[in-house]
Protein chains: 2
Amino acid sequence: MSPQSISPNRSVNLEDIAAKAGVSRSTVSRVVNNEPHVSAKTRERVLAVIRQEGYTPNPAARALVTQRTQVIGVVIPQVPIVLFEDAYYFPMLLQGISRVTHARDYAMLLWLGQSEEEERRYYQRVISNRLMDGVIIASAAADNPFIDHFLETNTPFVLVERPDRYQDQISYVTIDNESAAYDVVTHLVTLGRHRIGTVTGNLTIMDGVDRLAGYRRALSDSGLLMDEALIAEGDFTYRAGYQGAFRLLDQGVDAIFAASDITARGVFQALQERQVQVPDDVAVVGFDDLPTAVHISPSLTTVHHPIEQKGADAATILLDQIMGKVTTPQQRILPTHLVIRKSCGAMTG
Amino acid sequence: MSPQSISPNRSVNLEDIAAKAGVSRSTVSRVVNNEPHVSAKTRERVLAVIRQEGYTPNPAARALVTQRTQVIGVVIPQVPIVLFEDAYYFPMLLQGISRVTHARDYAMLLWLGQSEEEERRYYQRVISNRLMDGVIIASAAADNPFIDHFLETNTPFVLVERPDRYQDQISYVTIDNESAAYDVVTHLVTLGRHRIGTVTGNLTIMDGVDRLAGYRRALSDSGLLMDEALIAEGDFTYRAGYQGAFRLLDQGVDAIFAASDITARGVFQALQERQVQVPDDVAVVGFDDLPTAVHISPSLTTVHHPIEQKGADAATILLDQIMGKVTTPQQRILPTHLVIRKSCGAMTG
DNA sequence: CACATCATTGGGAGCGCTCCCGAAATCTAA
DNA sequence: TTAGATTTCGGGAGCGCTCCCAATGATGTG
């Protein structure tokens, strides 16, 4: 291996560097950790040896004494659901988290939920892993044991969604699902729709609950009849949209608010099969603004929310917490905006 | 914290357990690691104390002596490209890797590629991180430094694609892109198409190169004229398909082989804008079989390949390598199959 | 009953690092 | 020049574990 190579030499340690540079272990440690109390020329000499030998500190040894691993965990329990339906969300979130952890010299340990039979073992494994300085939890079911556990053990953690309890004791980043849903449904009302149905998201996830609440408030504020038959319970999936749409059509809706873009696609498919024109007969709006929302016909009116930013903010809060920069729980609610395209009927063409 | 809780108590160590159980550190270690030479009743007693105290071994301490971290790395350098265009591929791959690592009590460290300016630093960080027993590399550009590095340092690694060099010295899992492409293009020929164009994938990635090679061989075996003007270089993106399709239309094609389903969607859009009917005027086939391939109109004829399995196999090979179960490089080529839908014109309706 | 044999147990050494404290070197000022 | 202040440097202790080897106890044999 050439000395110029960037390859680390795993067999060389602090003591070796110290010997070669003619200084002590402690001095090398100071140089490596960029600490003061080392003269400029000594520092230079040590750095030269370090480069030449391709030395990299052993993270296990370091973690053993500092009690810090420079690793955070990212826990995504509901992958199977999330993945099959909206493959975009979770990589985008990871990307945001990754951007920040990378910039701050942290690494990320990924825990994807397994099958239901493996669920208990999965929880155990995540919880008993001690290689993480903190944890980001995304899309957990309401009854997940993580929140209680991490609160109990004083492990820094951040949720990427609104928790259903202990809201002021927990750090989280989310969007204002309720008012975003309110806005998009109100938009439909403004366009003259009177009988607006919805296919909801998963109601064990707060995102789903809040979007439904926004729908309810919009109808009530608009003085429209609140008809429970216009609510088709779903779970963010294509299938839910497809099946829900048939039920809603039978109720004679003139607009449908789908709790996700994927669900909206299912709705589209059902309407097409029934020869119902979008938006002329029934307007459709979604939620998420997936990249493909613009590629379907008619293009989908939906709510845009900054997923990548959500991940980045969650990571920032977590790392600030780990480093002691902040000591109180942080909550952040990111802005969304309505993206008006053709499926709502506001534009023609 | 209740003694029955599954929460680990991070402050308790081997010695503490030993004291409470009235045995030595060594005996507790044997119990924890499920080693022989401990009497049944001692083992029982120690296990009871471990459960009661919520003891979990400190992985840093363990790694320090064993030189094993129980962590593998997953390196995905080209996320920005992969992600925006085919958000499905990479989470699916992770899911497969995760399934196996979970079953075998390993954790996974995820390294997503950053912006181009950060590229060099990214490589450095991944390479100098010593927390991984082995690495899975997905969709790396041909000139990535990882292969050379990991070969040099004797780090176990597995590629998820065919490498462009050292093929017999490297473990990898892939699909037979060349013959899958061959089959799908030949299928078009069988349906009577004579002037078949292609929008290629990224030609710095072997998947792209091989699919093009399959296309070439199919034309040549069918005795069709090989016209370079029918090859529009792309990069797996929607945009590439959109732009490439216009160029191919000008060449008077009657069929287009898109190197990915996403690219096929771009092709669809271009054809629609030019009022060209699919499949009547121009047949279109894709590659990947994304879940949405069945949702577009007309549904897309494409090549299915087992992404999740790719991840699982890569993880299996890697872990076998780490554990010394295999000592020679392993190559695995997973089967693909043609999924015939409507866009190729083989089905009507 | 003495002695060899085998399973079980205990404790020292050491993995590579950080942290602390005391020693050495250097600088400052009278 | 010398005492004192300040900066730089060195080495011991210890993080929590595994691994090795020696000690102990149980069992069997002539």
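Just so you know, these numbers use all the heavy atoms, side chains as well, and skip hydrogens, waters and symmetry mates. Naming: A, B, ... by sequence-line order, numbering from 1 per chain.
Below 30°, between 30° and 60°, or above 60°: for His102(A) and Tyr122(B) the angle between ring planes is between 30° and 60°, a tilted geometry. Between Phe150(B) and Phe157(B), the ring planes lie tilted relative to each other; the angle falls in the 30° to 60° range.
Among the protein residues, Pro36(A) comes within range of no part of the nucleic acid, since none of its heavy atoms lies under 4.0 Å from any strand.
Distance Asp16(A) CG to dC17(C) C1': 13 Å, rounded to the nearest Å. Atom CD1 of Ile17(A) and atom C1' of dC17(C) are 14 Å apart (whole Å). Put simply, CD on Gln70(A) is 20 Å from P on dG16(C), counting in whole angstrom units. If you measure from atom CG of Asn13(A) to atom P of dG16(C), you get 5 Å, rounded to the nearest angstrom. Rounded to whole angstrom, the span from the CD atom of Glu15(A) across to the P atom of dG12(D) amounts to 10 Å. Taking atom CD on Gln67(B) and atom P on dG16(D), their separation rounds to 19 Å, with Å as the unit. Following rounding to the nearest Å, Leu14(B) (CG) and dC19(D) (C1') show an atom-to-atom distance of 13 Å.
Between Val49(B) and Ala21(B), the closest heavy-atom pair is CG2-CB, 3.8 Å.
Within residues 38-49 of chain B, no residue has any heavy atom closer than 4.0 Å to DNA chain D. Contacts with DNA chain D (heavy atom under 4.0 Å) in residues 58-66 of chain A: Leu64(A), Val65(A), listed by number. For the segment residues 26-35 of chain A, residues with any heavy atom less than 4.0 angstrom from an atom of DNA chain D are, sorted by number, Ser26(A), Thr27(A), Arg30(A).
Remark: Arg45(B) pairs with no residue by the salt bridge (Lys or Arg N to Asp or Glu O under 4.0 Å) rule, at least two apart or across chains. With sequence neighbours left out, the salt bridge (Lys or Arg N to Asp or Glu O under 4.0 Å) criterion links Glu119(A) to no other residue. For Arg25(A), the salt bridge (Lys or Arg N to Asp or Glu O under 4.0 Å) partners are Glu15(A), not counting sequence neighbours. For the side-chain hydrogen bond (donor to acceptor under 3.5 Å, both in side chains) test, no residue two or more places apart in sequence or in another chain qualifies with Thr327(A). Residues forming a salt bridge (Lys or Arg N to Asp or Glu O under 4.0 Å) with Glu35(B) (at least two apart in sequence, or on another chain): none.
Residue pairs that meet the salt bridge (Lys or Arg N to Asp or Glu O under 4.0 Å) test with at least one member in residues 309-323 of chain A, sequence neighbours left out, are Arg104(A)-Asp320(A), Asp313(A)-Arg332(A), Asp320(A)-Lys325(A). Judged as a salt bridge (Lys or Arg N to Asp or Glu O under 4.0 Å), not a single pair has a partner in residues 63-73 of chain B (not counting sequence neighbours). Under the salt bridge (Lys or Arg N to Asp or Glu O under 4.0 Å) criterion, the residue pairs touching residues 89-101 of chain A are Arg99(A)-Glu308(A), with sequence neighbours excluded.
Axis angle between the ends of the helix from dC1(C)-dG30(D) to dA30(C)-dT1(D), five pairs each and rounded to 10 degrees, works out to 50°.
Checked by atom type and distance alone, the side chain of Gln330(B) never pairs as donor or acceptor with a backbone atom of Val158(B) at under 3.5 Å. Put simply, the side chain of Gln114(B) gets close to the backbone of Leu112(B): a donor and an acceptor are under 3.5 Å apart.
Nearest nucleotide to the side chain of Arg25(B), out of dT18(D), dG12(D), dT8(C): dT18(D).
Applying the side chain to side chain contact (heavy atoms under 4.5 Å, CB included) test between Ile72(B) and each of Val135(B), Leu109(B), Leu319(B) identifies Leu319(B) as the sole match.
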